[in-house]
Enquirer: 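There's a structure below that I have some questions on.
Quick note on labels: first sequence line is chain A, next is B, and so on, each numbered from 1.
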Number of protein chains: 2
Amino acid sequence: MGHGIEDVARAAGVSTATVSRALRGLPHVTDATRERVRAVAAELGYVATPSARSLATGRTRTIGLLSPWVSHWFFANVIEGAERALREQDHDALLYTFDVFELGPRRRVETHVLRGRVDGVLVVGLPLEDAEVADLDALGRPLVFVGAGPTDRCTVRIDEVAVAHLAVRHLLELGHRRIAYVSGHPDDVSPWSAAVLRTHGWREAMTEAGLRTDLQVNGNFDMPGGRAATHELLDRHPDVTAVFASSDEMAMGVVVAARERGLRIPQDLSVIGVDGHELGEVVGLTSVAQDVLAQGREAARLVLRVIAGEPVPVRVTPPVRLVVRSSTGPAPA
Amino acid sequence: MGHGIEDVARAAGVSTATVSRALRGLPHVTDATRERVRAVAAELGYVATPSARSLATGRTRTIGLLSPWVSHWFFANVIEGAERALREQDHDALLYTFDVFELGPRRRVETHVLRGRVDGVLVVGLPLEDAEVADLDALGRPLVFVGAGPTDRCTVRIDEVAVAHLAVRHLLELGHRRIAYVSGHPDDVSPWSAAVLRTHGWREAMTEAGLRTDLQVNGNFDMPGGRAATHELLDRHPDVTAVFASSDEMAMGVVVAARERGLRIPQDLSVIGVDGHELGEVVGLTSVAQDVLAQGREAARLVLRVIAGEPVPVRVTPPVRLVVRSSTGPAPA
DNA sequence: CTGTTAGCGCATTCAC
DNA sequence: GTGAATGCGCTAACAG
């Protein structure tokens with residue numbers, strides 16, 4: 001068990017330097033020597049102590065995952081995808097959640113906890129202030145964004161504006177004119193957050209169609225939020241015939257609220273979401289779907305490539321596709 | 001930026017040992033000295049390098065989270081709860097997923113990747129072979145289980161048997177007799193997995209009621225699995241009037257399948273799940289609910305207490321409650 | 001209360 | 001191709 005490199009060296013009849021080289025696949029070691037060292041190491045169950053290795057090399061083989069939540073669909077999937085991809089390349093995933101959407105004054109994201117612990121950072125759908133991004137840069141480690149990121153930084157995310165256009169167009173083609181929008185969070189701090197961009201896209205699409213853009217409510221990114229938002233919306237504007245929700249989870253809330261008000265879907269109210277949530281099928285939710293697991297994987301591979309000194313694209317735009325189910329239908333006459 | 005303890009020592013006019021003591025709140029330091037050191041450290045933005053600290057102390061202030069998935073509701077919530085609790089006590093969460101439920105031969109959980117990286121381990125709903133548990137023990141770090149764990153190990157989990165009884169009793173009281181069970185995974189390796197215990201509870205409850213226990217199908221722990229299982233079930237046994245699914249995600253699959261077969265819920269088929277998934281409300285799913293976030297929190301605090309040398313209970317059994325909605329109703333006549 | 005010293009376990013020059 | 005020596009940055013005994 002508690003064997004060190006010196007034990008291996010002694011048992012193999014070589015120096016610790018040779019053990020180090022042999023085990024890490026470095027050149028300048030005879031095949032015979034390498035094999036012998038490997039055999040001894042395996043027998044002793046030797047594994048280099050990570051902290052010692054880190055101290056000596058300055059690298060940790062660990063990537064920090066920064067996210068507001070784990071329990072929301074999008075985030076859980078990005079994290080899972082990233083962790084799998086990292087493990088494939090012998091890296092660890094260190095998880096940090098910062099619930100910046102919590103009620104009350106926004107608490108600053110404490111980036112200092114990452115210092116010295118990671119070789120790179122993945123920011124997962126986390127709206128960051130410029131100062132916070134600067135703090136992360138001060139770590140001196142590569143930064144990759146998923147789901148939302150500054151325009152000039154390496155970011156993996158779908159074309160949020162296009163998503164909104166796709167959803168609105170679908171509703172327009174069904175004859176809807178009174179189209180409401182359930183956004184995620186109202187006062188995001190970063191102009192590049194998904195919430196802000198998607199809202200922008202919605203406004204744009206509506207304006208292009210000559211429609212009003214004041215039918216917007218905040219759904220807080222979750223099902224209960226979407227439900228409350230819908231009640232609030234329909235109290236004020238009972239003539240709305242379609243709702244575009246910025247996530248499937250909120251769209252499900254719209255469905256719940258509609259049922260509570262005795263509205264039939266889609267006869268009285270059409271609902272479309274974003275994500276392609278597996279459970280959307282349960283209520284026949286129409287959605288603009290994306291492959292989130294793949295985005296996590298992709299982003300993880302990007303950080304590793306940056307660390308390896310390889311060039312990476314500044315922006316990866318995964319495809320989306322409209323999945324039409326039964327929650328959207330022709331506008332009532 | 002890149003300041004070391006020596007820089008702080010020099011700037012504060014003390015030795016590195018004093019800096020170390022002062023910053024960590026150890027005794028034998030004058031308040032005045034402590035304050036001065038703190039001020040200097042803050043100004044220089046000094047943070048002790050984790051790897052150096054780990055190498056010297058043998059502790060990492062990191063807890064390993066082992067889980068089959070992140071994207072499933074139960075696991076996402078446990079992980080989120082644990083991470084939050086750990087961060088509150090200045091610990092990090094290192095995430096490891098091992099998809100032991102993957103198709104094909106079960107791959108052994110590679111515990112060696114944890115060696116030297118963690119001070120403790122949280123096993124989240126992961127069915128482990130005895131040998132794998134032994135491997136984890138060999139890390140020489142405390143082990144706490146959540147959602148499933150060997151009877152003699154510190155485990156946070158609901159009373160699975162009681163859960164099954166609760167669900168079955170609810171259906172019995174509604175007059176159901178042909179009650180089917182959608183389990184998670186068929187061939188779990190550990191006798192203490194949630195799947196095995198819950199199945200046991202179901203058998204027990206059914207037997208007590210004098211009912212047959214052969215109406216069991218495998219739902220693979222997710223919605224599509226629950227759906228496929230239901231079709232398979234109803235093809236063979238069209239007279240089933242109620243289904244008890246081992247998770248809400250699978251229960252949703254039952255709902256989808258029922259709709260696909262033109263069955264009304266609950267008039268033709270009653271469905272009950274386990275978890276209290278937020279989205280269950282969208283389809284009016286009856287469920288045996290548990291507070292999973294709290295379980296993650298609790299488990300995290302337990303590992304930290306074991307590390308601190310405090311005594312901990314060998315078993316924590318969080319409460320569950322039956323949430324009756326519209327997916328269960330009287331058995332058809 | 002504070003400073004000096006010796007490691008923690010490994011990677012990495014530089015010699016050979 | 002291999003070994004000896006040095007240092008990564010910090011903590012922990014031990015002196016004082």
Side-chain angles (χ1 to χ4, degrees), chain A residues 1-38 40-41 44-62 90 112 114-119 139-141, chain B residues 1-38 40-41 44-62 90 112 114-119 139-141:
Chain A
M1 296 300 103
H3 285 298
I5 196 172
E6 229 157 323
D7 300 300
V8 179
R10 204 172 308 122
V14 295
S15 73
T16 62
T18 300
V19 172
S20 180
R21 282 188 285 251
L23 257 30
R24 290 184 302 148
L26 294 186
H28 307 302
V29 181
T30 316
D31 282 350
T33 307
R34 194 189 300 281
E35 265 323 303
R36 184 156 34 94
V37 171
R38 278 201 178 131
V40 171
L44 264 51
Y46 168 75
V47 180
T49 305
S51 49
R53 179 189 291 242
S54 293
L55 188 57
T57 62
R59 308 212 295 94
T60 62
R61 299 194 75 76
T62 299
D90 295 311
H112 65 263
L114 286 163
R115 178 173 299 229
R117 305 206 68 115
V118 298
D119 292 348
L139 295 174
R141 303 295 184 192
Chain B
M1 296 301 104
H3 286 297
I5 197 172
E6 229 158 324
D7 300 302
V8 179
R10 203 173 309 124
V14 294
S15 73
T16 60
T18 300
V19 172
S20 179
R21 281 188 287 251
L23 256 30
R24 289 184 302 151
L26 294 186
H28 307 303
V29 181
T30 319
D31 283 350
T33 307
R34 195 188 300 281
E35 265 323 302
R36 186 155 35 93
V37 171
R38 278 202 177 129
V40 171
L44 264 53
Y46 169 75
V47 178
T49 304
S51 49
R53 179 188 292 238
S54 293
L55 188 56
T57 62
R59 306 211 298 95
T60 61
R61 299 195 74 76
T62 300
D90 293 313
H112 66 263
L114 286 163
R115 178 172 299 229
R117 305 207 69 116
V118 298
D119 292 347
L139 296 173
R141 303 297 185 189

Enquirer: Select base, sugar-phosphate, or nothing to describe what A/T33 touches, counting heavy atoms under 4.0 Å on all strands.
Expert: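 The answer is sugar-phosphate, as A/T33 gets under 4.0 Å only of primed atoms, P, OP1 or OP2.
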Enquirer: Quickly work out the B/H28 NE2 to D/dC14 P distance and round it to whole Å.
Expert: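 Rounded to the whole Å, the gap is 14 Å.
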Enquirer: Which part of the nucleic acid, if any, lies within contact of A/V19, taking any heavy atom under 4.0 Å across all strands shown: a base, the sugar-phosphate backbone alone, or nothing?
Expert: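 It contacts nothing in the nucleic acid.
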Enquirer: So, OP1 or OP2 of C/dG9: does either fall under 4.0 Å of a side-chain N or O from A/R53?
Expert: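 Answer no for this pair, as no side-chain N or O of A/R53 is under 4.0 Å from OP1 or OP2.
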Enquirer: What nucleotide among C/dC10, D/dT11, C/dT2 has an atom nearest to a side-chain atom of B/T30?
Expert: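 The answer is C/dT2, which lies nearest to the side chain.
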Enquirer: B/T49 has a side chain; which of D/dG3, D/dC10, C/dG3 sits nearest to it?
Expert: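 Nearest to the side chain of B/T49 among the choices is D/dC10.
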Enquirer: Output the single nucleotide from C/dA11, C/dT2, D/dG9 whose closest atom is nearest the side chain of B/A56.
Expert: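 Between C/dA11, C/dT2, D/dG9, the one nearest the side chain of B/A56 would be D/dG9.
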Enquirer: So which nucleotide from D/dG3, C/dT12, C/dC1 ends up closest to the side chain of A/S20?
Expert: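 Closest nucleotide among those given: C/dT12.
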Enquirer: Does A/S15 put a side-chain nitrogen or oxygen below 4.0 Å from OP1 or OP2 of D/dG3?
Expert: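 Indeed, a polar side-chain atom of A/S15 lies that close.
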Enquirer: Considering just the side-chain nitrogens and oxygens of A/T57, establish if one lies under 4.0 Å of OP1 or OP2 belonging to C/dA11.
Expert: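 Checking C/dA11 against A/T57, no side-chain N or O comes under 4.0 Å of OP1 or OP2.
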Enquirer: Are any side-chain N or O atoms of A/R36 and backbone N or O atoms of A/A12, one a donor and one an acceptor, separated by less than 3.5 Å?
Expert: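 The answer is yes, because a donor-acceptor pair under 3.5 Å joins these two groups.
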Enquirer: From the options D/dA12, D/dT2, C/dC10, select the nucleotide whose nearest atom is closest to the side chain of A/V29.
Expert: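 From the listed options, D/dT2 comes nearest.
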Enquirer: Does B/R21 reach a base, just sugar-phosphate, or nothing at all? Heavy atoms under 4.0 Å.
Expert: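 It contacts base atoms.
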Enquirer: Could you check whether any side-chain N or O of A/R34 sits under 3.5 Å from a backbone N or O of A/P27, counting only pairs where one atom can act as donor and the other as acceptor?
Expert: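 Not confirmed, A/R34 side chain does not pair with A/P27 backbone.
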Enquirer: Relative to the 5' end of DNA chain C, which residue comes earlier, B/A52 or B/A17, by the nucleotide with the nearest heavy atom?
Expert: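 It is B/A17, whose closest nucleotide lies nearer the 5' terminus.
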Enquirer: Atom CG of B/D31 to atom P of C/dC1: distance rounded to whole Å?
Expert: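 After rounding, the reported distance stands at 9 Å.
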Enquirer: What's the spacing between A/R117 CZ and A/S54 OG if we round to 0.5 Å?
Expert: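 Between A/R117 CZ and A/S54 OG, I get 9.5 Å after rounding to 0.5 Å.
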